[in-house]
Amino acid sequence: MTVRLPDGSQRVLPAGATAGDLAAAIGRRLAADAVAADLDGQLVDLATVLHDGAEVAIVTAASDAGRHVLRHSTAHVLAQAVTSLWPGAKYAIGPAIEGGFYYDFELPGGVRFTDDDLARIEDEMRRIIAQDQRFVREEHSIDEGLALFADQPYKCEIIRGLSGPAGAGLGAEAAGDMAVGATSVSVYRNGEQFVDLCLGPHVPATGRLGHFALQRVAGAYWRGDEKRPQLQRIYGTAWESEAALAEHLEHLEEAEKRDHRRLGAELDLFSFPGEIGSGLAIFHPRGGTVRRVMEDYSRKRHEAGGYQFVYTPHITKEDLLDTSGHLVTFAEGMYPPMELDDGQRYYLKPMNCPFHILVFRSRQRSYRELPLRLFELGTVYRYEKSGVVHGLSRVRGMTQDDAHIFCAGDQVAAELSEVLGFVLDVLRDFGLDQFYLELSTRPEGKAFGSDEEWAQATEALEAAAAEHHLDLVIDEGGGAFYGPKISVQVTDAIGRHWQVSTIQLDFQLPQRFGLEYVGADNARHRPVMVHRALFGSVERFLAILLEHYAGALPTWLAPVQAVVLPVRDDHGTYAAGVADRLRRAGLRVELEVADEPLGARIRKRKLEKVPYVLVVGDDDVAAGTVGVNRRGGGDPERGVLLEELVASMSAEGIR
RNA sequence: GCCUGGGUAGCUCAGUGGUAGAGCAGCGCACUCGUAAUGCGCAGGCCGUGGGUUCAAUCCCCACCCCAGGCUCCA
């Protein structure tokens, strides 16, 4: 038979040859690196017999597909090790995921894994790998499958899901690894004892594995449903070589160094005192400075963008939230009410929109005022579940840079484009310039507004995205019931995605509050509302910036922009003059006395990530110059004229 | 809310059923220095909070608070 290779060449093989045979025929090196094959566009085992005219590509370990196979196979070995160490353990699903794999277990007698168990399991896994056990694929009928996994309830549930209506109750992750709507199931056997339900493919034998690490234990609900049993999940990672594994672990360490919670403490920006409570931050002077600069810049841009500033209280009687519907739709996210003596209940505000609506409704509005853009750095409080708070990116008290735009129906499309352009422009000013958009469309079931309104609004959002030439990912049915939503996803310096800005149309609240304006036709009309957050929350946006910049904020945002270091005490007066000159130019400068060796002072300030470390000594006093040590730059620059420095730093450091 | 791990000096962490240690930071003194750690000394702790077991608890048990990583949820 003849098969075709990816480069277009053909190979003649004897009948009955497998993908593995093909790899061996091509070369010994390839055969050694092969973990699976791509046969007519489908990943298969190397043991798969080829057919005449097949399109075949050998998949090696050092490819995305190859690593997927490695990880999946390593997950099997993990399950095998666990069932060998804990006889009677139930194993559920164990897919490869980005960067690694996991497997979910239920141990007999409700036993839980501890961190110490990971080392024992790893040892057992290495033993299995050293035995180079073959992975053998078998096909069975549904009934045989159920018999084979008679003591594995989770496997049986999956099999029943497979044989039943397509995809019945099957999680997406599991579905990816199993055939759905099948009349037979495939299993993989290795060793004498272990068999797992699996679509494959797998490496030929466990000896191909070995560059792996188990990372942590976590709880995970069966099929992601908190009403179902909670299983014990073990996460791990696996790679094609020891070097690749080491590199991955180093990347994780790098991400950890960028962690905004760590940087927040190291750079003395903010903290979370236990006395206040979970998810509630205090900003220290340096963090406060950064935040103030962010907020000032935001105000400046909003003012220029035609927004009007409003202020609203932090608490409200329940009536307002009753009218807005939040007491029903957002009850779980709210702090319990404060009850006054007269029985009146007050709530901390979880959102700003109802308040802004009252500003709109405070008097009769004319079409001439539209679009009316109301802006507030509004602090809201949300009762987040205790397990979800995370540094500044998920908190219980936060300040949103929140705007609500009231416009006429025929203004919606233009306004959306305007808003999107504004948002992207400001994000770029903060140094975030890789975006894609996500459009959440009408959810199934009851949604507010007519089909026509939804279609029009969704179209308008799509058009706005197209106009700004950004990739648009559709989140089908992911919109809120009250209107379609577009969210701006930012990609940071190390490739992670963050959802920042959201632009949301709302058909519901204008109706609930009976909002009206008088049109040119002298009739009353209902405005459409656009909810818009740009940073999302100031806290979260700061967290993203810190991680994006690894703490080295651009000069205009840096809490301390420059520090002046006199070489000796007797340069102190000149140094103070330099600091003073920079301050008068509007820069944030510190002066440090010469009570430590210069090298030590420079090191300390470099660790603080100060953009400009300025050194002044004899030469500078004589010539009116400064030694300039730029953050991230190479050698220091000597003899820079003070006025030149003031000019360049002002340009870079003030917005 | 649930699962696993954790909370010891400002920070990072060691340690033990007989009430505690290091490095860095801090303070003092000396050093006065041209680009990433000067030396010596001192001080610093209700061992997260509350209960229990024990002659004795930072250590063992229980509850709660807070933190981390997940699950669910989300800006």
Side-chain angles (χ1 to χ4, degrees), chain A residues 102 104 106 110 112-118 215-235 252 256 259 261-262 265-266 268 271-280 330 332-333 350-351 380 382-396 398-402 487-488 498-502 504 531 533-541 543-544 565-572 593-608 613-620 626-630 633-639:
Chain A
Y102 67 80
D104 288 349
E106 182 182 75
R112 314 280 184 201
F113 292 118
T114 68
D115 282 1
D116 296 338
D117 292 330
L118 292 184
Q215 292 169 300
R216 60 184 62 91
V217 181
Y221 298 106
W222 170 232
R223 293 193 164 166
D225 182 345
E226 61 184 324
K227 290 180 198 75
R228 305 248 214 163
Q230 188 168 47
L231 307 175
Q232 298 281 298
R233 175 171 296 179
I234 294 178
Y235 281 94
L252 291 180
E256 206 172 302
D259 190 313
R261 295 162 300 182
R262 177 194 179 117
E266 280 174 6
D268 195 16
S271 58
F272 294 89
E275 293 89 329
I276 302 180
S278 186
L280 298 165
F330 205 71
E332 269 196 20
M351 292 189 188
V380 298
R382 297 184 184 175
Y383 187 74
E384 299 286 355
K385 287 183 182 179
S386 67
V388 307
V389 295
H390 177 92
L392 285 181
S393 43
R394 192 80 182 268
V395 292
R396 284 178 168 171
M398 61 172 161
T399 300
Q400 296 182 309
D401 60 335
D402 212 358
S487 59
V488 180
W498 305 82
Q499 181 186 316
V500 283
S501 319
T502 56
Q504 170 110 42
H531 301 246
L534 200 162
F535 293 153
S537 81
V538 179
E539 290 83 355
R540 179 180 153 85
F541 196 71
I544 293 168
L565 308 181
V567 173
R568 283 192 317 270
D569 270 351
D570 54 322
H571 305 125
V593 296
D595 62 353
E596 269 183 301
L598 182 62
R601 285 179 284 150
I602 287 172
R603 178 183 141 83
K604 197 171 81 183
R605 296 309 190 149
K606 289 278 187 186
L607 291 174
E608 287 175 15
V613 177
L614 308 173
V615 175
V616 294
D618 289 332
D619 301 347
D620 300 296
V626 178
V628 179
N629 204 327
R630 276 167 220 271
D635 292 336
E637 197 180 340
R638 292 280 301 271

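Chain identifiers are assigned alphabetically (A, B, ...) following the order of the sequence lines, protein sequences preceding nucleic acid strands; residue numbering begins at 1 within each chain.
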> How far, in whole Å, is B:A20 from B:A57 if one measures between their C1' atoms?
Replying inline: 14 Å
>> B:A75, OP1 or OP2 - any side-chain N/O from A:Ser501 closer than 4.0 Å?
In response: no
> Between A:Ser386 and B:G1, is there a side-chain N or O to OP1/OP2 distance below 4.0 Å?
Replying inline: yes
> Once you round it to whole Å, what is the distance between P of B:G70 and CZ of A:Arg223?
Replying inline: 24 Å
> Which sits closer to the 5' end of RNA chain B, A:Ala220 or A:Gln230, going by the nucleotide each is nearest to?
Replying inline: A:Gln230
> Taking CG from A:Leu534 and P from B:A75, how many angstroms apart are they, rounded to a whole number?
Replying inline: 15 Å
> Is the closest side-chain heavy-atom distance between A:Asp402 and A:Met351 below 4.5 Å?
Replying inline: no
> Tell me: CZ of A:Arg112 to C1' of B:C71, nearest whole Å?
Replying inline: 13 Å
> Has the side chain of A:Asp620 got a donor or acceptor atom sitting under 3.5 Å from an opposite partner on the base of B:G34?
Replying inline: yes
> Looking across every strand, which nucleic acid part, if any, lies under 4.0 Å from A:Leu607 by heavy atom: base, sugar-phosphate, or nothing?
Replying inline: base
> Touch check for A:Asp225, heavy atoms < 4.0 angstrom, all strands: base, sugar-phosphate only, or nothing?
Replying inline: nothing
> Could you give the CD-to-P distance, from A:Gln504 to B:A75, as a whole number of Å?
Replying inline: 9 Å
> Is there a side-chain polar atom (N or O) of A:Tyr102 under 4.0 Å from OP1 or OP2 of B:C71?
Replying inline: no
>> What's the gap between B:G45 and B:C11 when it is taken at their C1' atoms, as a whole Å value?
In response: 14 Å
>> Classify A:Ala533 by what it touches in the nucleic acid, base, sugar-phosphate, or nothing, heavy-atom distance under 4.0 Å.
In response: nothing
> When you look at A:Glu539 and A:Thr399, which way does the side chain to side chain contact (heavy atoms under 4.5 Å, CB included) test go after all the steps?
Replying inline: CA-CA 7 Å; A:Glu539 290 83 355; A:Thr399 300; 3.8 Å; yes
> Taking the side chain of A:Val389 as heavy atoms from C-beta outward, which of B:C33, B:C67, B:U35 is closest to it?
Replying inline: B:C67
>> So, does A:Arg261 get its side chain near the phosphate of B:G69, meaning an N or O under 4.0 Å from OP1 or OP2?
In response: yes
> With both distances kept under 3.5 Å, what pairs with B:G23, Watson-Crick or G-U wobble?
Replying inline: B:C11
>> Only pairs with both distances under 3.5 Å count, Watson-Crick or wobble alike; so what is the partner of B:A56 in this structure?
In response: none
> In Watson-Crick or G-U wobble terms, both distances under 3.5 Å, what is the partner of B:C33?
Replying inline: none
> With respect to the phosphate group of B:G70, does any side-chain polar atom (N or O) of A:Arg216 fall under 4.0 Å of OP1 or OP2?
Replying inline: no
> Is the distance from OP1 or OP2 of B:U35 to the nearest side-chain N or O of A:Arg603 less than 4.0 Å?
Replying inline: no
> Nearest to the side chain of A:Leu598, which nucleotide is it out of B:U35, B:C31, B:G1?
Replying inline: B:U35
> What's the CD-P distance between A:Glu596 and B:C33, to the nearest Å?
Replying inline: 16 Å
>> Students often get this wrong, so: under 4.0 angstrom with heavy atoms, is A:Asp570 touching a base, only sugar-phosphate, or nothing?
In response: nothing
> Please give, in whole Å, the distance from B:A75 C1' to A:Trp498 CH2?
Replying inline: 12 Å
> Is any side-chain nitrogen or oxygen of A:His390 closer than 4.0 Å to OP1 or OP2 of B:G69?
Replying inline: yes
> Between A:Leu280 and A:Tyr235, which is nearer to the 5' end of RNA chain B once each is assigned its nearest nucleotide?
Replying inline: A:Leu280
> Can you tell me how far P in B:G34 sits from the matching atom in B:U49, rounded to whole Å?
Replying inline: 49 Å
